Every structure is written in structure tokens, then in C-alpha cells.
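One structure is given here, and the rest of the page talks about it.
All figures in this text were calculated on a predicted structure; none of them were measured in a lab. Only heavy atoms go into these numbers, but all of them, side chains included; no hydrogens, no water, no symmetry mates.
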Amino acid sequence: MSRMPMARNRCVTAALCGIYGIRTTHGRVDTKGAMDMSPSFDTVGWLAATPGVFRKVGTVLLGGAPVAAPVNHLLIADDGFIEADDAVSSLLRDALVAMADVLPHPQHIQIAPNGLDPWRDAIRLLQAYEIWQVYGRFIEEKRPRFGPSVSERMQVAAKITKAEADAARQIHATARDHIHDKVKPGTIVALPTAPCIAPRTDTPADGLESYRVRVMRLTCIAGLAGLPQVTIPVGTVSGCPVGLSFIGWARGDEVLLDLAFELSRHLGINRADEVIE
């Protein structure tokens with residue numbers, strides 16, 4: 001049965017397709033000419049099949065002064081790994097061991113002190129609120145036709161109040177400060193890019209919703225913090241690609257691109273014996 005990437009950001013798309021991907025530091029790449037979606041979180045990224053091209057694009061697109069530092073601290077987000085299927089988590093942990101000659105000795109942490117769901121809920125609500133602020137008038141006036149899932153989300157977005165959004169912004173600010181305090185220049189955080197291999201095309205609606213929830217628990221970390229994140233294609237589980245992510249410090253995008261290039265020689269782990277039903 002064929003599979004499809006049901007990704008919410010470029011890193012997830014890249015991971016499920018077995019290629020390299022980046023979400024850049026929020027505001028690092030000029031978005032002039034692009035359409036807003038959720039301005040508090042919108043950022044530019046790109047995908048590439050090879051590490052050389054992946055790194056080279058950064059020299060063209062990244063603006064402003066980078067914040068360079070040697071990578072001397074590696075944090076493994078155990079609460080992120082808990083979200084992953086056992087086969088995916090095992091492969092990624094083995095990949096980190098294989099990369100030990102390049103990476104610093106790891107320290108295991110819980111990146112979210114109160115669990116990932118409060119962060120996931122905050123970013124989900126703020127994204128929906130801002131999308132409605134940007135497109136609500138157009139939707140009400142032009143009444144475009146949406147697919148069922150998009151239509152349902154727009155109906156929810158239309159009902160979010162400013163008070164609810166303000167409360168979510170408080171969580172956003174607290175989370176951002178907390179993550180920035182953990183991820184100072186020289187520190188990177190390792191976590192699964194996606195919790196599983198790509199969902200099957202015949203996955204029922206409740207299964208896809210469960211998948212989206214798990215994905216957002218992972219993607220909300222870099223999203224709320226506005227920090228750069230790269231994903232590298234470390235190998236496969238049951239013939240399907242699996243990606244490993246590293247989150248870096250603000251304006252440390254170039255360091256992550258260099259790291260992805262350096263780690264590329266460790267890729268290619270194959271878990272053909274793992275069968276995903």
C-alpha cells in the first residue's frame with residue numbers, strides 16, 4: 001500500500017521523503033513576496049536530496065549576521081523520543097551512537113517541563129487565530145470551497161477569541177524563554193523529526209488525527225522558540241524513510257547546515273526486519 005507524507009512543516013515533509021530539510025530561524029530569511037499564514041511562526045525553509053546542495057542554498061538565502069559557535073553540547077529530548085514508535089526511536093538512538101565521533105557526549109533532558117501538550121495546544125490555537133485574522137474576511141466574503149478537514153479547521157479558527165489567543169501568547173512567551181535558556185550558542189537538541197514513518201493512504205480519519213497530534217508535539221518546540229531545525233535522512237524502517245532532527249540556537253542556521261553535511265557519511269541504517277502494520 002502506498003504511503004503519503006501528511007507533514008505540517010518542511011522538516012517533517014523531508015523526513016518522510018528521505019531527504020534533507022530545514023526550518024530557518026524565525027525572521028532570518030526575508031519573506032517579502034510570500035503570503036502570510038501565521039506571522040508569529042511563518043519562516044522560510046528548503047528541501048534537498050543531497051547534503052552539498054542543502055548546505056549551499058543557505059549561503060544564498062540566509063540574511064543578516066550568523067551566530068557561529070562550535071557545537072559542544074548535545075541535548076537529547078527524551079520527551080520527544082517518547083512520541084516516536086519503538087522502531088523509529090531505536091533506529092534514531094543507534095544513529096546517534098554511530099555519530100558519536102562527530103557529536104558531543106549527550107545529556108538527556110525533558111525539554112518541556114510540563115509536558116509537550118500545553119505547548120502543542122498553544123501553537124495550534126495561535127496558528128488558527130492568526131490564519132483567521134489574515135484570511136477570515138476573504139473566506140466570509142468569497143466563500144471558497146475547502147476540503148472537509150480544512151473547512152472544519154476554519155470553522156474552529158473563526159470562533160477563537162482574542163482572550164484565548166492572549167492566553168496562548170503567554171504560554172508561547174514562557175516556552176520561548178525556556179527553550180532559549182536551554183539552547184544557547186554551542187548547544188543543539190536531538191529529537192525525532194516525525195513520530196513514525198509516513199501514514200498509509202488508507203489511514204482512517206481518527207488515525208490521521210492521532211498522527212497530527214504526535215507530529216505537533218515534536219514540531220511545536222522549534223516553532224514556539226523560533227529556532228532553526230534541520231532534519232537528516234538517517235535510514236529506513238520497513239523500507240520507509242526516517243529523519244533525525246537537530247534544533248540549534250537563534251541565527252545558528254549555518255552551523256546546523258554544516259553539521260548535516262558532516263553527518264551525512266553516517267547515514268543509511270536499514271531496518272528491513274521491522275514490519276509496520
Side-chain angles (χ1 to χ4, degrees), residues 9-11 20-29 40-45 54-55 58-59 61-83 92-93 95-97 99-116 118-120 122-123 126 168-193 216-232 243-263 266:
N9 75 6
R10 296 170 193 85
C11 285
Y20 296 82
I22 185 173
R23 55 158 291 132
T24 56
T25 300
H26 186 254
R28 184 78 198 274
V29 179
S40 293
F41 308 105
D42 291 344
T43 188
V44 173
F54 184 55
R55 182 170 65 171
T59 66
L61 292 185
L62 290 169
V67 176
V71 176
N72 49 29
H73 290 96
L74 169 63
L75 305 178
I76 296 181
D78 286 340
D79 40 355
F81 274 85
I82 288 173
E83 292 302 321
L92 296 181
R93 291 185 187 278
L96 286 168
V97 171
M99 298 170 183
D101 63 325
V102 176
L103 297 171
H105 182 75
Q107 174 187 352
H108 291 261
I109 66 164
Q110 301 289 319
I111 190 70
N114 299 311
L116 290 165
W119 290 1
R120 177 187 65 84
I123 197 169
L126 279 174
R169 290 193 196 283
Q170 293 272 346
I171 297 173
H172 178 195
T174 300
R176 182 184 177 90
D177 290 347
H178 171 78
I179 298 166
H180 278 240
D181 185 60
K182 294 286 185 184
V183 191
K184 292 182 169 66
T187 298
I188 58 173
V189 180
L191 71 162
T193 308
M216 286 198 75
R217 287 177 182 146
L218 297 173
T219 60
C220 71
I221 301 169
L224 287 171
L227 294 180
Q229 175 179 348
V230 296
T231 181
I232 60 175
L244 173 65
S245 271
F246 295 97
I247 297 172
W249 58 93
R251 306 182 76 84
D253 310 66
E254 288 90 345
V255 176
L256 288 182
L257 292 169
D258 288 343
L259 180 66
F261 184 87
E262 189 172 6
L263 293 175
H266 290 287

Taken in chain and number order and not counting sequence neighbours, the residues that satisfy side chain to side chain donor-acceptor pair (under 3.5 Å) with R120 are D117

Which residues pass the side chain to side chain donor-acceptor pair (under 3.5 Å) test with T193, not counting sequence neighbours? T231, S245

Write out all pairs satisfying salt bridge (Lys or Arg N to Asp or Glu O under 4.0 Å) with one or both partners inside residues 168-180, taking only residues at least two apart or from two chains. E130-R169

Looking at every heavy atom in both L227 and A250, which two are closest together, and how far apart are they? CD2-N, 3.3 Å

Beyond-backbone contact of I76 with L96, side-chain heavy atoms, under 4.5 angstrom: yes

How far does CD of Q229 sit from OG1 of T43, to the nearest 0.5 angstrom? 11.0 Å

Considering all heavy atoms, the nearest A190-F81 contact: O-CE1, 3.7 Å

Kindly write out the residues that satisfy ring pair (Phe, Tyr, Trp, His ring centres under 6.0 Å) with F41, not counting sequence neighbours, or none if the list is empty. H172

Closest non-hydrogen atom pair, G252 against T25: N-OG1, 4.3 Å

With L62 via side-chain contact (heavy atoms from CB on, under 4.5 Å) - residues at least two apart: T24, R28, V29, W46, D253, E254, L257

If the condition is side chain to side chain donor-acceptor pair (under 3.5 Å), which residues does D101 pass it with, not counting sequence neighbours? R265, H266

Report, as yes or no, whether the 6.0 Å neighbourhood of atom NE2 on H73 holds more than 12 heavy atoms from other residues, nucleotides or ligands. no

Could you tell me the separation between the CG atom of L259 and the CD1 atom of I232, rounded to the nearest 0.5 Å? 7.0 Å

Sub-4.5 Å side-chain heavy-atom contact between L92 and L191: no

Side chains of F246 and L74 in contact at under 4.5 Å (non-hydrogen atoms): yes

Find out whether T219 and R23 are in side-chain contact, i.e. whether some heavy atom of one side chain is under 4.5 Å from a heavy atom of the other. no

Between L116 and M216, does a side chain to side chain contact (heavy atoms under 4.5 Å, CB included) hold up when you go through it step by step? CA-CA 9 Å; L116 290 165; M216 286 198 75; over 6 Å; no

Applying side-chain contact (heavy atoms from CB on, under 4.5 Å), name anything that partners D42, two or more places apart in sequence or on another chain. D36, M37, S38, P39

Would you say that R10 contacts I22 through its side chain, given a criterion of any heavy-atom pair below 4.5 Å between the two side chains? no

List, one per line, each side-chain donor-acceptor pair under 3.5 Å for residues 102-113, sequence neighbours excluded.
from, atom 1, to, atom 2, distance (Å)
H108, ND1, D78, OD1, 2.9
H108, ND1, D78, OD2, 3.4

Closest non-hydrogen atom pair, L256 against G248: CD1-N, 3.6 Å

Quick one: side-chain contact (heavy atoms from CB on, under 4.5 Å) partners of A69, sequence neighbours excluded? P185, W249

